[in-house]
Amino acid sequence: MSSEKIAKYRVEKNKAGKWFWHEIAGNGLKISTSGQSFATKASAKRACENARAKAGSAPIEIREG
């Protein structure tokens with residue numbers, strides 16, 4: 001279970017020069033990503049901060065069938 005714990009968030013630039021953010025698990029694997037690119041590091045960091053702030057209060061949705 002501890003390997004699923006979010007160890008950190010990371011903002012990084014890809015080879016095309018676009019910025020993304022990722023949630024990194026305790027085992028070093030990416031468990032989530034921004035899903036969209038950002039033109040600047042500051043924009044990606046701000047989006048990451050927003051996602052981190054909202055993550056704990058997100059509702060849990062259960063769908064069956």
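The chain is numbered in sequence order, starting from 1. Everything quoted here is computed from the prediction, not taken from an experiment.
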Subject >> Closest heavy-atom pair and its distance - E23, W21 >> reply: CG-CZ3, 4.0 Å

**OP:** Identify whether the distance between the nearest side-chain nitrogen and carboxylate oxygen of E12 and K30 falls below 4.0 Å.
**Re:** yes

Original post:
For the residue pair A44 and W19, what are the closest heavy atoms and their distance?
Top reply: CB-CB, 3.7 Å

Original post:
OG of S43 to NZ of K18: how many Å apart, nearest 0.5 Å?
Top reply: 10.5 Å

Original post:
Any side-chain heavy atom of F20 within less than 4.5 Å of one from V11?
Top reply: no

**OP:** Find the distance between CD1 (I24) and CD1 (I31) and round it off to the nearest 0.5 Å.
**Re:** 8.0 Å

**OP:** Grab the two heavy atoms, one from T33 and one from H22, that are nearest each other, plus how far apart they are.
**Re:** OG1-ND1, 3.0 Å

**OP:** Output all residues satisfying side-chain hydrogen bond (donor to acceptor under 3.5 Å, both in side chains) with K45, sequence neighbours left out; order by chain, then residue number.
**Re:** E49

